[in-house]
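Reviewing the structure listed below.
Quick note: numbers below take in every heavy atom, side chains included, and nothing from hydrogens, waters or symmetry partners.
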Amino acid sequence: MTVIERLQDWNRAGIVTDAQYHALSALVRNERFSVFLELNALLYLGVIAVVGGLAWTVQTHFTSLGDFFILTVLSLFLAGSLFYCFSRATAFSVEQTASPNFVFDYVLYFACLVLSVELGYLEFNFQWLQEAWPNYLLFSSIIFFILAHRFDNRLVLSLALSTLAGWCGLSVSRFGFISSEPVRLTAIVYGVFIAIMGTALHRQGLKRHFLETYLHIAANVVFLALVSGMWDGRKVFYLAALILLASVAIVLGVRFRRFAFVVYGTVFGYIGVSIQIVSGIHEFTAALAYIVTSGLCVIIAIAVLARQFGRDE
């Protein structure tokens, strides 16, 4: 007897109602599908669009609107969003907590972006910090970190980490470094720092589920910095470091069942090795043949690994 036939028997016997029967049979026939990711993407793009339009309006019409009006509107948006979040949120917990409703996370994200717009406007118009203006990024990052942990929001945590990365890069450039080497080393130090910070917070029991966000960003930043070093005079050093880090990412990714880190290690390691190999090939056809063949092998390997991870889970 099939599942549908069993549901029909239950429906005739009165065990399940007609509404329950139609709902369950639709699920069995795969007639329903989730639009959760699509709705989240639309909300995210909607927040970005609204804040982008707000920033454009402020930049374009600030002379006619006036400082008082602009700052009042931005402050009201910020205060209203934060009031909504604080009034709807559950009590703080070091463990993972669910959002009160579907739009809560995006209201908080909107508040953070509005804060960024307001701080940018203050510095653009009044230049309070002048040469030290990158400290606005540091201040914003600290606020975002606090809000991310208070409301258990990984989207805001990512914003905090990216804002901190911006502050680190601008702080290095303010010393007058023209070469990309200091920026590259700063990126590596930044990646190592946030990986250590995320691990330390995880061991302290504070929002343990945030660890992957820290590690994802740290891995991408360090990998990109090492790959960029392949065009530097010390490319042998960067290649060795890249291969070592790629190996660690693959081994630990397999051990802890984190497929994304296996992909990071495979893809970035392949890119680094390929740059070294292709730079030694002086014939275009041979280089193209290597890229096509090796790239296809890497794609197949990742697909096989993905299926293996899927079966194991």
Side-chain angles (χ1 to χ4, degrees), residues 40 43-44 47-48 51 55 74-75 77-100 103-123 128-129 132-174 183 186-222 224-225 260:
N40 275 277
L43 281 171
Y44 176 77
V47 170
I48 297 295
V51 175
L74 291 175
S75 298
F77 276 131
L78 177 61
S81 301
L82 290 178
F83 175 78
Y84 174 86
C85 293
F86 277 99
S87 62
R88 297 294 192 281
T90 57
F92 173 76
S93 172
V94 296
E95 303 296 333
Q96 184 173 5
T97 56
S99 297
V103 301
F104 180 88
D105 290 342
Y106 296 95
V107 174
L108 180 62
Y109 191 62
F110 174 77
C112 293
L113 294 181
V114 170
L115 175 62
S116 300
V117 173
E118 187 164 9
L119 291 176
Y121 182 80
L122 286 172
E123 179 57 27
W128 289 339
L129 298 185
W133 71 266
N135 289 327
Y136 280 113
L137 293 176
L138 180 60
F139 171 75
S140 300
S141 179
I142 294 172
I143 296 299
F144 298 159
F145 270 114
I146 294 172
L147 292 176
H149 285 81
R150 169 60 184 87
F151 297 112
D152 201 341
N153 192 301
R154 275 178 276 199
L155 193 62
V156 175
L157 177 63
S158 300
L159 182 62
L161 293 173
S162 59
T163 305
L164 180 61
W167 176 79
C168 291
L170 288 173
S171 295
V172 171
S173 65
R174 288 181 63 238
V183 178
T186 300
I188 294 173
V189 172
Y190 164 80
V192 172
F193 169 74
I194 64 172
I196 293 174
M197 181 172 65
T199 304
L201 293 175
H202 179 269
R203 290 186 174 181
Q204 292 297 319
L206 178 60
K207 301 295 183 184
R208 293 177 180 271
H209 56 289
F210 278 0
L211 177 60
E212 282 196 43
T213 302
Y214 285 100
L215 295 182
H216 278 297
I217 295 177
N220 280 282
V221 169
V222 176
L224 288 171

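The shortest heavy-atom contact between Phe104 and Ala89 is CZ-CB, 3.9 Å. The shortest non-hydrogen separation linking Gly166 to Leu137 is C-CD1, 3.9 Å. Looking at every heavy atom in both residues, Val192 comes nearest to Val222 through N-CG2, 4.2 Å. Contact between Leu147 and Cys112 at its shortest, heavy atoms only, is CD1-SG, 3.9 Å. Taking both residues in full, the closest heavy atoms of Val114 and Leu74 are given as CG1-O, 3.5 Å, listed atom of the first, atom of the second, then distance. When all heavy atoms of Cys85 and Phe151 are compared, the pair lying nearest together is O-CE2, 3.6 Å.
Of the inter-residue distances, the one linking Ser116 atom OG with Leu159 atom CG reads 6.0 Å to the nearest 0.5 angstrom. Here the CG-CG distance, from Leu215 to Leu211, works out to 4.0 Å after rounding to the nearest 0.5 Å. The CG atom of Asn135 sits 7.0 Å away from the CH2 atom of Trp167 when rounded to the nearest 0.5 Å. Atom CZ of Phe193 sits about 8.5 Å away from atom CD1 of Ile196, to the nearest 0.5 Å. A distance of 8.5 Å separates CG in Asn220 from NE2 in His216, rounded to the nearest 0.5 Å. Rounding to the nearest 0.5 Å gives a distance of 11.0 Å between CG of Leu108 and OH of Tyr84.
With contacts defined as side-chain heavy-atom distances shorter than 4.5 Å, the pair Asp105/Val156 does not qualify. Under the 4.5 Å side-chain criterion, counting only non-hydrogen atoms from C-beta, Arg154 is in contact with His209. Side-chain contact between Asn153 and Tyr109 is absent, with no heavy atoms from C-beta onward closer than 4.5 Å. Put simply, the side chain of Phe77 does not reach to within 4.5 Å of the side chain of Glu118, judged on heavy atoms. Taking 4.5 Å as the limit, every side-chain heavy atom of His149 sits out of range of all side-chain heavy atoms of Val94. Counting heavy atoms from C-beta outward, Ile217 and Tyr190 have side chains that approach closer than 4.5 Å. Taking the side chain as every heavy atom from C-beta outward, Glu123 and Leu119 never approach each other to under 4.5 Å. Annotation: side chain of Asp152 is not in contact with side chain of Phe92 (no heavy-atom distance under 4.5 Å).
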Evaluate the side chain to side chain contact (heavy atoms under 4.5 Å, CB included) criterion for residues Phe144 and Leu115: first the C-alpha distance (whole Å), next the side-chain angles of each, then the deciding distance (0.1 Å), finally the verdict. CA-CA 10 Å; Phe144 298 159; Leu115 175 62; 4.0 Å; yes
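A side-chain donor-acceptor contact under 3.5 Å links Thr199 to the backbone of Ala195. Between the side chain of His202 and the main chain of Gly198, no donor-acceptor pair closer than 3.5 Å is present. Looking at Lys207, its side chain never comes within 3.5 Å of a backbone N or O of Gln96 through a donor-acceptor pair. A donor-acceptor contact shorter than 3.5 Å links the side chain of Ser141 to the backbone of Ala160.
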